[in-house]
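Below is one structure, written out as structure tokens; comments come after it.
Because only heavy atoms are used, hydrogens play no part in the values below, and waters and symmetry mates are left out as well, while side chains stay in. All values derive from a computational prediction rather than experimental measurement.
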Amino acid sequence: TLGLFPNKNAKVTSTASAVLMDVNNGYIYAVVAATSDGNQLTNAWDSDQTMDDVRQRTERQAFVKMLQQFKTEWPNVVARYDHPAPQAHR
């Protein structure tokens with residue numbers, strides 16, 4: 001077949017994660033992560049390009065899922081931590 005027919009399966013798993021952290025004291029307010037899987041049939045000639053296409057697609061999907069989780073988590077962070085700091089006594 002000279003490698004023309006699809007006989008390989010390109011499989012990719014991508015994970016995106018984010019941490020909402022106070023850089024002054026290291027306190028972690030939230031952590032979100034998402035994973036996406038992808039696969040596509042390919043042949044010997046196109047396998048590198050196909051793998052790159054699947055990788056880019058799964059990375060984008062994982063990133064979008066992570067942003068959706070962050071959008072869901074953000075109101076919880078604000079509700080829990082959005083209060084004025086105690087005033088110092090004079």
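- With hydrophobic clusters built from ILVMFWY side chains whose heavy atoms lie under 4.5 angstrom apart, V78 shares a cluster with L67.
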Side-chain donor-acceptor pairs of residues 24-34 under 3.5 Å, sequence neighbours excluded:
unit_1 : atom_1 : unit_2 : atom_2 : d
N25    : OD1    : Y27    : N      : 2.8
Y27    : OH     : Y81    : OH     : 2.8

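- Counting only heavy atoms from C-beta outward, the side chains of E73 and N76 approach each other to under 4.5 Å.
- Here the side chains of D37 and V12 are not in contact, with every heavy-atom distance at 4.5 Å or above.
- Between the OG1 atom of T50 and the CG atom of N9 there is a distance of 10.5 Å, given to the nearest 0.5 Å.
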Donor-acceptor list for residues 56-64 side chains, cut-off 3.5 Å, not counting sequence neighbours:
unit_1 : atom_1 : unit_2 : atom_2 : d
Q56    : NE2    : D52    : OD2    : 3.0
R57    : NH2    : Q40    : OE1    : 3.1
T58    : OG1    : S14    : OG     : 2.8
T58    : OG1    : V54    : O      : 3.1
T58    : OG1    : R55    : O      : 3.1
E59    : OE1    : R55    : NH1    : 3.0
E59    : OE2    : R55    : NH1    : 3.1
Q61    : OE1    : S36    : OG     : 2.7

